[in-house]
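Please read the structure below before turning to the comments.
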Amino acid sequence: MEPLYKPHGVEERWQRAWEGEGLYHADPEAPGETYVIAIPPPNVTGALHMGHALNGTIQDVLIRWHRMRGFNTLWQPGYDHAGIATQAAVERELRKEGTSRLELGRDAFVERVWEWLHEYGGIIMSQFRRLGCSLDYERERFTMDDGYVRAVMRFFVHLYERGWMFRDNRIVNWCTDCGTTVSDLEVEHIDVDDTLTYARYALADGDGFVTIATARPATILADVALAVHPDDERYKALIGKDVIVPVVGRKVPVIADERVDPTFGTGALKITPGHDPTDFEIGRDHGLPELTVIGFDGRITGDVPDDFRGLTEAEAAERVVAWLKEHDQLEKREHYRHAVGHCDRSGTRIQPLVMLQWWCAMDDLARPAIEAIDSGRVRFHPPVHGRVASDWLKAIRPWNVSRQLWWGHQLPIWYCPDGHVTCAETEPTACAVCGSPELTRDPDVLDTWFSSALWPFATLGWPDDTPELRRYYPGDVNSTGRDIIFLWVNRMVMAGIELMGDIPFRDVIIHSTILASDGQRMSKSKGTGLDPVELIEQHGADATRYGLLKMSSTQDVRFTPVPIEEGRRLANKLWNASRLLLMSGGDEVEARPKSLEERWILARIDATRSEIERDFETYDFSHAVDRLYHLTFDDFCDWYLESIKPRLGEADVKATAFAALERLLELLHPVLAHVTEEIWSHLPAREGRLIVAPWLQPDASYAADVDALVRVQEAAERFRRSGVVTPLDGDEKRIFDAVVKPERAKGNGAGRLEEEVARLEGEIARSEKMLSNERFVANARAEVVQAEREKLERYRRELDAIRN
RNA sequence: GGGCGCGUAGCUCAGCGGGAGAGCACUCGCUUCACACGCGAGGGGUCGCUGGUUCGAUCCCAGCCGCGCCCA
């Protein structure tokens with residue numbers, strides 16, 4: 001054993017051993033209460049980032065802890081096919097080769113995606129291995145593998161048969177760059193500088209004008225009404241009249257609707273159901289036509305004057321404004337900053353337009369999920385996210401599930417020449433309505449999140465009745481970041497209750513986001529992203545795990561490497577403490593505490609065990625890790641080892657020390673998995689692996705000694721502050737001399753008697769003043785007053801002690 | 001516009017009604033036979049601002065200033 005712990009090699013060796021010996025593997029036939037976590041499936045094209053590393057560490061700590069406690073644990077790994085992202089990556093590749101998916105054709109393109117994935121995909125699992133994550137890698141699943149596809153088809157057909165899947169022309173979020181619709185959740189609202197155009201619409205009866213304000217003058221071409229708030233006195237007289245839409249000359253009505261904000265612009269709103277979500281809803285309620293003038297390429301199309309056709313939206317807007325100016329119907333234009341929807345994948349401005357799509361009605365799915373969250377059957381940590389999740393479900397809208405992509409699960413929908421719809425899990429031979437054998441499959445694929453919703457049970461074999469499904473569903477915990485609560489967590493809860501009749505997990509951990517040092521989200525394009533694998537290379541996996549947990553909290557945190565370095569020092573300290581014991585020989589491991597500090601350290605380890613158990617149960621990992629640090633440095637090394645060091649030759653002392661070390665290693669293992677296993681393997685007469693060693697059981701026989709060193713520690717504190725040595729005898733004197741080494745400490749300026757006297761006199765004065773305040777004594781809680789009296793006594797004793 | 005959260009030591013963060021804490025950084029002293037990724041000693045904070053509640057406020061309430069996130 002070298003004086004400097006070098007994690008490289010050691011960590012990889014244990015990772016190979018644990019996995020190779022099948023210790024990560026979950027056996028449904030094995031006994032034990034189950035403990036199940038399904039990893040949030042990373043994009044198959046992705047690489048490990050800080051969020052994955054933190055999340056992986058959190059889950060691994062929980063899994064290792066439960067494994068040691070004898071649970072039948074399953075940590076399910078796998079990948080998500082990530083429709084848009086993967087398709088885009090392969091299309092980029094094709095572009096470099098001078099071809100395109102259209103040139104290849106659908107089948108060849110899909111084939112090409114698979115090839116590409118076999119070459120470049122699926123690297124994250126090896127990165128999780130390098131972090132020490134004890135996932136059951138034998139069970140790796142992919143949302144596009146054969147069994148999973150069946151699950152997705154079953155889910156769709158199930159929803160169709162329930163009557164919740166419907167096809168309709170509704171307003172969608174069209175991304176001209178991705179060439180597909182995206183769901184409302186994939187639209188990011190970003191503030192942009194824009195221009196607000198005030199346009200006058202002529203009343204059809206020639207009785208003047210109404211002025212409206214719009215940020216998108218090009219969409220005037222698709223106006224079908226003006227709307228005002230029903231209580232708006234300025235416009236009451238106009239309701240029911242007609243106005244003439246500029247440029248196109250269409251006569252449209254003025255309607256009244258509560259959804260009009262009378263404070264925006266002039267209070268009169270142009271209604272364009274074809275290109276605005278709110279207008280669309282107003283239009284549906286008022287039975288208005290849904291005209292579309294902007295096409296899938298973002299250019300002007302449809303029933304418009306010829307000179308507009310083919311223009312970009314900006315060009316069309318310019319021409320509309322010119323028309324308004326020419327006809328004296330342009331009132332003004334002013335700067336306007338507002339939030340505009342952008343595609344979160346491509347960053348392109350979303351084009352809302354009306355399109356025939358497949359939708360899922362969500363109300364009946366959402367209702368039991370809301371109940372599960374509100375009743376606390378599904379618990380969020382921290383709880384505030386449960387309320388947010390529930391609020392979102394309560395305002396849920398139909399989900400646009402079809403995507404105009406080639407990579408993904410193709411809809412199980414076929415059409416016959418008469419337009420009848422057949423929905424079936426496998427390819428039907430005839431139309432379900434008219435029996436026509438001529439069937440064409442809908443070309444669209446499903447939203448990636450449609451398949452992710454099934455993750456907790458499709459990975460276990462659903463829709464088949466497998467031993468895994470019976471044994472491991474429902475699971476226990478889901479851990480993830482805030483950003484996919486709606487996209488993923490809520491949908492798993494809905495799908496789990498609907499298909500399995502039970503919630504998929506009990507606890508949802510929402511971990512913090514690790515920000516770059518500038519306080520912004522880490523960003524690849526800004527170069528502020530950090531590669532966790534590099535951190536592992538630099539500091540070791542144990543140190544990285546420790547550091548990530550130390551940084552984690554319910555609050556977002558700016559990254560600094562300092563906590564990881566702290567973890568590295570802890571690993572090194574533990575390594576050297578173990579060296580001290582191992583180098584002095586001895587082959588017995590048994591707790592036979594004879595002296596004060598031996599009973600004390602065993603009690604301290606037990607006490608810390610219950611403290612970190614409480615931390616783990618409440619998913620408070622940073623405090624758990626902090627306790628482990630101080631237990632190791634302060635209690636185990638500084639007090640215990642220093643105390644016994646002179647007596648390491650004694651067999652009893654040695655055997656007890658090994659027993660204490662064993663317990664410490666057990667406590668540390670879930671976090672510092674590798675270094676603890678390495679040290680464990682050096683312990684005398686050690687068989688079996690720490691990873692599957694039983695979690696330590698507290699021993700009540702020394703529990704009473706958890707404060708056994710208080711007098712010595714007070715004496716040490718007193719000596720440090722004042723330089724006064726307290727008379728002690730027996731174990732206490734021996735421990736004090738061994739740890740404090742007063743003769744050496746004197747040399748470096750320890751203890752300034754006068755300052756300490758002054759400090760204590762100050763404290764005594766403060767305390768006396770408080771206790772002589774009648775209102776304090778009368779109003780404060782009795783135990784607070786009592787505590788203050790005891791404090792005062794202690795200060796007086798302390799002062800006496802250093803004056804004598 | 002609606003909602004949530006955060007401003008505590010130079011840095012990153014705990015604490016959240018009765019004596020301001022940790023790690024790092026900084027200063028000083030130690031190659032002490034486990035560890036210099038160490039040991040010992042030390043300096044450093046009107047706990048964003050202004051009011052209020054209270055015997056007592058970093059902690060509770062209100063307002064303000066600054067920063068961030070989510071939803072529309």
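What you are looking at is a predicted structure, and each value in this text was computed from that prediction instead of being measured. Proteins come first, then strands; the chains are lettered A, B, ... in the order of their sequence lines, and each starts at number 1. Only heavy atoms go into these numbers, but all of them, side chains included; no hydrogens, no water, no symmetry mates.
- The gap from the P atom of B/A22 to that of B/G40 amounts to 14 Å, rounded to the nearest Å.
- Across all strands shown, B/U58 forms no Watson-Crick or G-U wobble pair with both key distances under 3.5 Å.
- Of the candidate nucleotides B/G40, B/U12, B/C37, B/C37 has the atom lying nearest to any side-chain atom of A/Asn572.
- When Watson-Crick and G-U wobble pairs are counted only if both distances are under 3.5 Å, B/C69 pairs with B/G3.
- Across the strands present, B/G21 finds its partner in B/C13; the criterion is a Watson-Crick or G-U wobble pair with both atom distances under 3.5 angstrom.
- Across all strands shown, B/C33 has no partner, as no Watson-Crick or G-U wobble contact with both distances under 3.5 Å is found.
- For the pair A/Asn779 CG and B/A57 C1', the interatomic distance rounds to 16 Å; values are reported in whole Å.
- Of the two residues near RNA chain B, A/Lys791 and A/Lys6, the one whose nearest nucleotide lies more 5' is A/Lys791.
- With B/C70, B/C37, B/G18 as the choices, the nucleotide that has an atom nearest any side-chain atom of A/Ala780 turns out to be B/G18.
- The ring-ring contact (aromatic ring centres under 6.0 Å, His included) test with A/His381 is passed by exactly one of A/Phe621, A/Tyr619, A/Phe616: A/Tyr619.
- Rounded to whole Å, the separation between the P atoms of B/C4 and B/U27 comes to 46 Å.
- If you check the side chains of A/Glu717 and A/Gln713, you find no donor sitting under 3.5 Å from an acceptor.
- For B/A34 and B/A14, the P atoms lie 38 Å apart once the distance is rounded to whole Å.
- Of the candidate nucleotides B/C4, B/C24, B/C55, B/C24 has the atom nearest to the side chain of A/Arg569.
- Using P as the reference atom, B/C39 and B/C55 are 48 Å apart when rounded to the nearest Å.
- Going from the C1' atom of B/A57 to that of B/U8 covers 14 Å, rounded to whole Å.
- Distance from the side chain of A/Ala577 is smallest for B/A34 among the nucleotides B/G68, B/A34, B/C39.
- Taking atom P on both B/U32 and B/C16, the two are 43 Å apart, rounded to the nearest angstrom.
- A salt bridge does not link A/Glu281 with A/Arg284: every distance from a Lys NZ or Arg NE/NH1/NH2 to an Asp or Glu carboxylate oxygen is 4.0 Å or more.
- In this structure, of B/G23, B/U12, B/A34, it is B/U12 that holds the atom nearest to the side chain of A/Arg558.
- Using a 30° and 60° split on the angle between ring planes, A/Trp575 and A/Tyr5 fall in the tilted class, from 30° to 60°.
- Among the heavy atoms of the strands lying under 4.0 Å from A/Ser553 are primed sugar atoms or P, OP1, OP2 only; no base atom is included.
- Residue-to-nucleotide contacts include no donor-acceptor pair under 3.5 Å from the side chain of A/Gln555 to the base of B/A14.
- Comparing B/G15, B/C55, B/A34 by their nearest atom to the side chain of A/His623 picks out B/G15.
- A salt bridge links A/Glu597 to A/Arg734: at least one charged side-chain nitrogen sits closer than 4.0 Å to a carboxylate oxygen.
- Nucleotides B/A20 and B/C13 have their P atoms positioned 24 Å apart, rounded to a whole Å.
- Salt-bridge formation is detected for the pair A/Glu768/A/Arg796: a Lys NZ or Arg NE/NH1/NH2 atom is positioned less than 4.0 Å from an Asp or Glu carboxylate oxygen.
- Comparing the P positions of B/G15 and B/C30 gives an interatomic distance of 39 Å, to the nearest angstrom.
- The base-pairing partner of B/A41, taking Watson-Crick or G-U wobble contacts with both distances under 3.5 Å, is B/U27.
- Here B/C69 presents its P atom at 15 Å from CG of A/Asp344, a figure rounded to the nearest Å.
- Sequence order on RNA chain B of the closest nucleotides to A/Asp556 and A/Ala716 puts A/Asp556 first from the 5' end.
- Using a 4.0 Å heavy-atom distance criterion, A/Asp638 is classed as a sugar-phosphate-only contact.
- Nucleotide B/U53 has no partner under the Watson-Crick or G-U criteria, as no pair reaches both atom distances under 3.5 Å.
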